[in-house]
There are 2 protein chains.
Amino acid sequence: MPAELRPTQALRLWHDVTLDLVRDGEHDLSARQMAVLLTVYLEMPPHTVRGLAAKLGVTKPAITRALDTMGRLGLVSRHRDPKDRRNVVVQRTVAGALAVERLGDVVIARHRELPL
Amino acid sequence: MPAELRPTQALRLWHDVTLDLVRDGEHDLSARQMAVLLTVYLEMPPHTVRGLAAKLGVTKPAITRALDTMGRLGLVSRHRDPKDRRNVVVQRTVAGALAVERLGDVVIARHRELPL
DNA sequence: CCTAATCGTTTCGGAGCCGTTTTATTTAAC
DNA sequence: GTTAAATAAAACGGCTCCGAAACGATTAGG
């Protein structure tokens, strides 16, 4: 566990990273889309529409639409589960992994630059 | 400066806080609105529409609309600058300060719980 | 004065996301 | 085999946001 963050540092970190994301503009992901993206890339697969909806506390169509958008951006891909063809499993992509990695770099850089 | 964050920790932190914001649902602020809110509450006043637009790299109408929404939520207030009545200065509110403080608490809590 | 520049807002057409409801496909139950 | 349950997607109406352009109000320059 890292050293405790002070309130000013925590807010400064969130501000700086958010500002970077807004300025770069590439992402343009909503909070839900960001939550879906990071869940898919950080938590253990498999990820289904239903599971993601439950985890985020939103409806399934919201997840489907988020996956539509993110699929269009190449950040994730969808495939029918061969075992149970009702399910759709969400899978990672190279572009998605790169985007997540870049986000991690931004967070680390901004965290490193936090004032004492 | 806090101890260095590892990539996994940085992404886990962003994921956990984002998930909290999505699940609570209260905020529902876009990335731009979040950037405006934190800029107003963390950086030195005065804050003008033009200055915020330049800082965030977006158009002025986008800032005006963000301030409309956030004003409706009671998170900020606007007043004409008496010195130069063309300018509008964005000011803090009690509700806005509380919302920012709660966000800081979430970031701190999630940071504290990061795995080694 | 009077023109030009600055500032914030409003308007406009277009695009995206929301929740609810409906549809289609697939699996489970009996 | 037929019906019921589960899953994701599509359709629908409503709401918000976007950038560009046009618009008033205010100030600065000559």
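All chains are named by letter (A, B, ...) in the order of the sequence lines, taking the proteins before the strands, and each is independently numbered beginning at 1.
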Just N and O in the side chain of [X]: are any of them under 4.0 Å from OP1 or OP2 of [N]?
X: Gln33(B); N: dT16(D); answer: no
X: Thr64(B); N: dT9(C); answer: yes
X: Arg86(B); N: dA25(D); answer: no
X: Thr59(A); N: dT20(C); answer: no
X: Arg78(B); N: dT9(C); answer: yes

Interatomic distance where [atom1] belongs to [X] and [atom2] belongs to [N] [whole Å]:
X: Leu67(A); N: dA9(D); atom1: CG; atom2: P; value: 7 Å
X: Leu29(A); N: dA15(C); atom1: CG; atom2: C1'; value: 16 Å
X: His47(A); N: dT7(D); atom1: NE2; atom2: C1'; value: 18 Å
X: Met34(A); N: dC17(C); atom1: CE; atom2: P; value: 14 Å
X: Arg32(A); N: dG16(C); atom1: CZ; atom2: C1'; value: 13 Å
X: Arg65(B); N: dA20(D); atom1: CZ; atom2: C1'; value: 10 Å
X: Asp84(A); N: dA5(D); atom1: CG; atom2: P; value: 17 Å
X: Lys60(B); N: dA5(C); atom1: NZ; atom2: C1'; value: 11 Å

Taking the basic N atoms (NZ, or NE/NH1/NH2) and the acidic carboxylate oxygens, is any pair closer than 4.0 Å for [X] and [Y]?
X: Asp84(B); Y: Arg86(B); value: yes
X: Arg12(B); Y: Asp16(B); value: yes
X: Asp105(B); Y: Arg112(B); value: no

## Note on the structure
So NE2 of His47(B) and OH of Tyr41(B): to nearest 0.5 Å the spacing works out to 10.0 Å
### Query
Between Arg85(A) and Val88(B), who's closer to the 5' end of DNA chain C by nearest nucleotide?
Val88(B)
### Message
Go nucleotide by nucleotide along DNA chain C from the 5' end; which of Ile63(A) and Val49(B) gets its closest nucleotide reached first?
### Response
Val49(B)
### Message
Between Asp24(A) and Val106(A), is there a side-chain heavy-atom distance shorter than 4.5 Å?
### Response
no
### Message
Among dT26(D), dC7(C), dA8(D), which nucleotide has an atom closest to any side-chain atom of Asn87(B)?
### Response
dC7(C)
### Message
Let me spell it out: for each of Asp81(B) and Thr48(A), pick the nucleotide of DNA chain D with the closest heavy atom. Which residue's pick is nearer the 5' end?
### Response
Thr48(A)
